[in-house]
Structure formats: C-alpha cells, structure tokens
Amino acid sequence: MTGESLAGRKRPGESIIRGFLIFAAGISVLTTIGIVITLCKESFPFFREVSLLEFFGTIRWQPQVGAFGILPLFTATLLTSLVAMLIALPAGLASAIYLSEYAPERVRSILKPALEILAGIPSVVYGFFALQTVTPALRGIFGVEQVDVYNTLSAGLVMGVLILPLISSMCEDALSSVPSSLREGAYALGATKIEVSLKIVMPAAFSGLAAACIVGLSRAVGETMIVALAAGSGPALTLNPFKAAETMTGHIVRISGGDLSYDSMDYNSLFAIGLLLFVITLTLNLVSSTLVRKYREEY
Amino acid sequence: MTTLSKRHRTGRIMASLFLASTIFAIIALITLLFSVIDQTAGYAFLEYSVSEEDILPYDDEGNMRSRESLGDEELIAVIGENISQRRLRALEAETPLSELSRKKIEKLYMEEVLDPRAVRTWSLSESVMNRQGVLDWVEENAEDGHLIFRFWLSSDFLSASQSSNALFAGVRSAIFGSLMTIVLTIVIAFPLSIGCAIYLEEYARDTRVNRFIKTNIYNLAGVPSIIYGMLGLGIFVRFLSPLTSGAVFGKAEGAGDGRTILSASLTLALLILPTLIINAQEAIRAVPRSLRESGFALGATKIQVILHHVLPASMDRILTGTVLAVSRGIGETAPLVLVGASTFLTQDPTGVFSRFTTLPIQIYQWTARPQAEFRNIAAAAILVLMILLLSLNTAAILMRNKYRSQRRV
C-alpha cells in the first residue's frame, strides 16, 4: 500500500458543528455568570447606601422613608414556605409510599397522571384558586374578622398543593432505589408490609427523602405568583398566618410591574432581594444534590 | 388480640392514611378545576349608562320601537345622536358605519351608547342551584338593568382585545403574544439544548471543567424563575436594549426600549434550557452503544453517527421532554412581568420587536382586580390556557407514540 492516509478527509462542516456544540455547552456557563453578574452589579448601588447590618437587622421595609430591613419580607417568605411544607411533606411522602409500595397497577396508572397534571398547572391558576376559593373558605371557617382578605395561610396551603407532586415523585425515586434485598430480608424475618415501609425502607432512603424535602422548600421559597396574588401587597412583620404579608418574591413582582426607572433605589433594592433569594435557593439546591449523590452512591 | 393482628391492623390504618393523602391531592385538583369552571358562566346583572327608553324612537302609536325592529340606517342614526362628535368621526375614519354588518352595528350600539356595566355576577353553581335567590336579588336591588345569562368564554372573548370594561375584554392579543413568544423560545432553546446534550454525552471527557458544566446545569434547573426574570431585565431588556428593541435593525417600536417579545423569548429560553438539556442527555444516554458501534464499523464519522443514528433514535424522548418544558414556559408569569410584559395592550404584536402580553399575564392582571366580573374573565382565560396546555401535551403523547412505532431499534 502507498502512504495514503486511511483516515479520510475531514469534512469541513464537522468543525462548524463541533464549534456549535461547544458554544451550546458554554451557554449554560454564561447563564450562571450572567445571573451572578447582573444580581451583583445591580444591587451594588443598593448596598453602598444600605449597610448589611441595616438590611438584615432592621425590621421595617418602607422605601419611601428609606427603611430597608428585609426581615418582614423574609419572615413572610418563611411563613408561607413552612405552611406549604407542612402540607406537602407529609402528604407527598405518604402518597409516595402508597404509590411505590401499595398501589395496584391500575390505581397507579390513574393516580400518577393525576399528580402530573397537578404539577403541570401554572402557578397563576393556583393563585386564582387561592383567592377565589381557599380564602373565602378560611374566612368562613375562622371568621371574617380573624382572617384578612389577603393572608399567608391561604397562599401557603395552595403552595403546598403545588409542590406536593414534586416531593411525591422525588420521594418515590428515593424509595424505589432502595434495593429489594433489604425488603426481602425484613419480610423473611416476619415484618408486616407497613413495618417494612416505615422502619426499613424509609430510613434507608433517608438522604433521598431529605433531598426531596429541601428541593420542595427551595421551590416554595422561589414561588412568586401564588403569593403575589393571595398573600398580600404590603410588607408586614407578623407571624400570624391569618394576616396579609408580602413575601420577597411578591414584592419583586409588585414593584417591577409598576413604573420602574432604572438605577432608582427601588430598582436596585429589587436586585438586592433577588441576590438574597438566589443565595438561599442555591444553598438549598447544593445541599440537596449532595444528599442525592450520597444516596445514589450507596446503592 | 395477638400482637400480629394488632400489627396488621396498624398496617391497614396506615395504608388507608397513605391512600387518603393521595386522594387529598386529587380532591384539591378537582376543587381547583371546579372553582375555575364555576366562574366561567352564570347570571350577570347589567346596568346601562343610558336608558333605552330615552333614546329609541317611538312609532306613531306612541310605543317605543325595539332595537331589533329598527333598520340599519335608523340604528346608525340613534348611535350618531348619542355619542360625541369626536368619537363619531373617529369611528367613521376607521370604517364608515354604513358599511358595517348588522351584527357589528349592534355591537357598536351596545359598546358606545348603552355602555353596560356589570353590577353583580353569579357563579355557575349559584345560577343553576339558587336561581330563585338570583331573581329575588334582582327584584330587591334592580333599578334599571338587565339580567342575562352569560358565558364568559365565548368567541367574542377570544377575538376581542383588552378593554377596561370586563364585559368587552378578550384575550386575542394575549394569545398571539403567548404563541409568538413560545415559538421563538423553542427556536432558540431547542437546538442549543440538543447541542449541549450531544457535547456532554458524546464528546466531553471527565475533566473538571466538564463536571462543573454538568453540576452547573443541575443548579440552574433549580433556580427560581423570577431570578431568570431579573437576568432578562438586567441583560436583555437593559444592557442589550439596542438589539432587543430592534433599534439596531431600525425596527424599534414606540418607546424603543427592550421590553419586547425578543427579550421575553430569550429569557424564557434560558429558563427552560437546563431542563431541556437534562432531558436530552438522558434520552441520548438511553440509546444503546451497539447502534453507535455499528455506525462506526461501517466507516461513519462521529458526527454522522450522532446526526443520523443517535439523534433519531432518541428523538421521541427528547420531544416529549421538550413539550413538557414548553408547557412550563407557556405558564410562566413572574419572569415576564419583570421583563416588561405590557399591562394594557390594545394592539396585537406584529413582530419580535413588539410589545407583548401573554395569557398568564392577563390572568394575573384580571385576578388581581377586586371586581367580581374580572374574576369571571380571568376564569375564562384560565380555561383557554388549560385547553392550550392540554392540546400541547396530547400532541406530545401522540408524537411520542408515532416516533416509537417508527423506531426499528
């Protein structure tokens, strides 16, 4: 054979395609960089005026008088998220156990799509539901003087229904990745089905369940439209779920929906709140993915 | 009772508790759907701004002639007598009144002359089950008005654009805005997601950079959508406003800022990109190695194997995941509020550099208004949105089945 190369011509289009592939992969990195840069750059003027101590320490958020304490918005976010988790975690975990351990195939084939439908409903619709049905129901049960027209309980309850399918499917993944040898061993020793589920499988899947919980919390913290519609439109420092209180996300949406001039204090304060929100959700997500990796490694 | 039967009994109780939790979610879903549908039709009590007795002509016997009995020109004359000259001129400039169809003339008469306001509306369940209560209310409180049964979701609703009167508002601009935004979003995000997934699955070696890219994508998938809105506001609307407003191309509209469909689509594309990438990755990973090996064995280059064998084999999963991500994108509200979706848009968007509004934005707007009739049209808009999403998801399932049956693998 002569010295002809057997490798063949490199087709010219291929390097263009490869360039595109690398560019596409780079977009995701650029997105993160973009988020960090935008949040930091636009909130920097805010933090030049308002010290971190004032931001985290004072208890009033009233831009008109120059009070910029994040605490009222933060507690409202915390309150709604906790109420949501109180609904979604037990119900989501319980339905995950039911669907993975107990449900006959036919029931599963109805219930799982129903949960997926719940997850696919846009959050504005949930907000409508909170205002239209849940708040009047709460006012009917607890009395009109007790419960405001906008209140964090209603928003929290509906948010719980929103994140329930998310927690349920993540818990299901965690539970089904527990190897059946553990279950079989327990059955062999005479355990009942419920004992296997609660005392063997659940502890074994614990890190996955914790990850589901944290992801749900992160989703609840970042949720916007439900609280924008149903929780209230003014910052209020209160732990009473029957009262109106604006959350961090609700505040951002309300202010940006109106007249917003660039580089005003209002504009920059939005990005400061956004930065805090980003840090919180990023931390929660990092913790949960470490947990997921841990339980995936174990099995 | 032996311990065993006690344990079994506890087991049965717990099992029913678990089932109850699942049922709870289903009940919530049904209640939600019911409360939406309940608002989409019902009685409404309308008051007109002028009384028909005052403006309609009388016949020779002194009886008021009904609106229906008037001829076209006579009705036009009544309209002309009861609106301002300026308004009449404006209307004539759009289309001469004599050229309008009867239906349009009557609509004009309703909107411009009678100008009805909804005083009170009732839900569907109230209207059906408590009809007497409705009639009683009308008797007690009605001064000068009309009780009608109204389907808030109607063809008028779909073809009208925004209006400050809930009786005449419609979702036409919103539907256009939603569709245009989401189509552009797919055009941007779909190729990028597949490109990135191909890179990660076929080309990337296990280096620190590539691992960072992968974890970065997972983290981005968990970032709240409002943060993407802030990214869009800071970069696409503000920083890149010459590009996104079209000024660079000489096509800027109105104020010429970046609050356009292009900015919205770019923001939404970044939002759904991580989910699309993860989905495409899993689809590509699921293609068996044997397919690739046989391609290489026949002398194909890597890219040929990917484009002609791996991608078609994974396309059904990719498409299903894409449709799910697109469904989420259609329902997004918060990022679009930040990126500057219009609150009151009367003209349809004409291109990517137009101002826009979307269905979820309208739903948000109308739900936030205190008057009951806005709740009704919000419910109608929700129904439109849900039907849109339902058709989308059904199309995805059908597409997936078609691809699956075509696959020889």
Side-chain angles (χ1 to χ4, degrees), chain A residues 11 14 17 20-22 24-25 27-29 31-32 34-35 38-39 42 90-91 94-95 97-99 102 111 114-115 117-118 120 122-125 127-129 131-133 161 164-165 192-195 215 218 222 224-225 229 249 252-253 256-257 262 271 274 277-278 281-282 285-286 289, chain B residues 7-8 10-11 14-15 17-19 21-22 24-26 28-29 31-32 35-36 39 192 195-196 198-200 203 213 215-220 222-227 230-231 234-235 238 270 273-274 277 301 303 327 331 333-334 337-338 343 360 363-364 367-368 375 378-379 382 385 389:
Chain A
R11 291 146 176 269
E14 304 224 329
I17 296 185
F20 172 72
L21 296 184
I22 298 186
I27 290 283
S28 58
V29 179
T31 310
T32 310
I35 291 180
T38 312
L39 288 177
E42 304 282 5
S95 63
I97 296 180
Y98 179 75
L99 284 172
Y102 284 89
L111 290 181
L115 280 180
I117 294 180
L118 259 186
S123 50
V124 251
V125 181
F128 174 89
F129 178 53
L131 266 187
Q132 181 62 31
T133 309
V161 177
L164 195 158
T192 61
K193 194 159 187 172
I194 190 68
E195 287 164 354
V215 164
S218 158
T224 315
M225 295 324 292
L229 281 172
T249 47
I252 295 177
V253 158
S256 64
Y262 295 142
F271 284 88
L277 205 59
F278 180 62
T281 49
L282 188 66
N285 286 331
L286 283 175
S289 45
Chain B
R7 285 159 60 200
H8 277 304
T10 327
M14 297 297 283
L17 273 178
F18 294 155
L19 178 58
S21 306
T22 325
F24 163 73
I26 311 295
L29 175 63
T31 319
L32 188 150
S35 74
V36 167
Q39 290 298 313
L192 283 177
C196 185
I198 293 177
Y199 174 78
L200 287 175
Y203 282 92
I213 295 182
T215 34
N216 183 42
I217 292 177
Y218 273 104
N219 285 330
L220 280 178
V223 168
S225 55
I226 197 171
I227 304 275
M230 304 186 108
L231 171 66
I235 293 197
R238 193 167 172 199
L270 287 186
L273 202 56
I277 294 175
T301 63
I303 291 198
S327 299
T333 325
V337 172
L338 282 175
T343 50
I363 297 173
Y364 170 52
T367 311
R375 231 27 100 62
I382 291 179
L385 182 61
L389 291 177

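Lettering follows sequence order; numbering is per chain, from 1. Values below: every heavy atom of this structure, side chains too, minus hydrogens, waters and symmetry copies. What you see is a predicted model, and the numbers here were worked out from it, not measured in a lab.
- Heavy atoms closer than 4.5 Å to chain B are found in both the backbone and the side chain of A/Thr249.
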- Would you sort out whether A/Glu42 and B/Met230 count as a side-chain contact (heavy atoms from CB on, under 4.5 Å), showing the intermediate values? CA-CA 10 Å; A/Glu42 304 282 5; B/Met230 304 186 108; over 6 Å; no

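- Among B/Val36, B/Thr31, B/Ile382, the single residue meeting the side-chain contact (heavy atoms from CB on, under 4.5 Å) criterion with A/Phe129 is B/Thr31.
- In this structure the side chain of A/Leu118 never reaches within 4.5 angstrom of the side chain of B/Leu32, judged on heavy atoms.
- For A/Leu164, the part sitting under 4.5 Å from any heavy atom of chain B is the side chain, from C-beta outward, and nothing else.
- Put simply, of A/Ser256, A/Gly120, A/Pro165, the one with the most heavy-atom pairs under 4.5 Å next to chain B is A/Ser256.
- Counting heavy atoms from C-beta on, the side chains of A/Ile27 and B/Cys196 never come closer than 4.5 Å.
- Distance check, rounded to the nearest 0.5 Å: OG1 of A/Thr32 to CD1 of B/Ile213 gives 10.0 Å.
- With a 4.5 Å cut-off on non-hydrogen atoms, A/Phe271 touches chain B through its backbone and its side chain both.
- Heavy atoms of B/Leu192 lying under 4.5 Å from chain A belong to its backbone as well as its side chain.
- For A/Val161, the part lying near chain B is the side chain, with the backbone staying farther off; criterion is any non-hydrogen pair under 4.5 Å.
- Contacts between B/Leu19 and chain A at a heavy-atom distance below 4.5 Å involve backbone atoms as well as side-chain atoms.
- B/Ile277 CD1 to B/Ile198 CD1: the interatomic distance, rounded to the nearest 0.5 Å, is 11.5 Å.
- A search for side-chain contact (heavy atoms from CB on, under 4.5 Å) contacts involving A/Leu282 returns A/Phe278, A/Leu286, B/Asn219, not counting sequence neighbours.
- Contacts between A/Thr192 and chain B at a heavy-atom distance below 4.5 Å involve backbone atoms as well as side-chain atoms.
- Interface remark: of the candidates A/Ser218, A/Ser289, A/Ala24, A/Ala24 forms the most heavy-atom pairs closer than 4.5 Å to chain B.
- Between chain B and the residues A/Pro90, A/Gly222, A/Ser95, the largest count of heavy-atom pairs under 4.5 Å involves A/Ser95.
- Interface remark: B/Phe24 contributes side-chain atoms only to the contact with chain A (heavy atom separation under 4.5 Å).
- In terms of heavy-atom pairs under 4.5 Å with chain A, the best-connected choice from B/Ser35, B/Ser225, B/Pro360 is B/Ser35.
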- Message: side-chain contact (heavy atoms from CB on, under 4.5 Å), that's the test. Do A/Thr224 and B/Thr333 meet it? Break it down for me.
- Response: CA-CA 9 Å; A/Thr224 315; B/Thr333 325; over 6 Å; no

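- Contact of A/Phe20 with chain B is made through the side chain alone, with heavy-atom distances under 4.5 Å.
- Of the atoms belonging to B/Leu220, it is side-chain heavy atoms, and not backbone ones, that fall under 4.5 Å from chain A.
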- Evaluate the side-chain contact (heavy atoms from CB on, under 4.5 Å) criterion for residues A/Gln132 and B/Thr367: first the C-alpha distance (whole Å), next the side-chain angles of each, then the deciding distance (0.1 Å), finally the verdict. CA-CA 9 Å; A/Gln132 181 62 31; B/Thr367 311; over 6 Å; no

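- Both the backbone and the side chain of B/Leu29 come within contact range of chain A, each with at least one heavy atom under 4.5 Å from a heavy atom of that chain.
- The line from CE of B/Met14 to CD1 of A/Ile194 is 5.0 Å long, rounded to the nearest 0.5 Å.
- In this structure, the portion of A/Thr133 lying under 4.5 Å from any heavy atom of chain B is its side chain and not its backbone.
- Taking every heavy atom of both residues into account, A/Phe128 and B/Arg375 meet most closely at CE1-O, 3.6 Å.
- Ranked by non-hydrogen atom pairs under 4.5 Å with chain A, the options B/Ala25, B/Ala28, B/Ala368, B/Pro274 are led by B/Ala25.
- Residue B/Ser327 does not touch chain A at all, counting heavy-atom pairs closer than 4.5 Å.
- Of all heavy-atom pairs spanning B/Ala334 and A/Val253, the tightest one is CB-CG2, 4.2 Å.
- With chain A as partner, the option from B/Leu389, B/Leu338, B/Ile363, B/Thr10 having the largest number of non-hydrogen pairs under 4.5 angstrom is B/Leu338.
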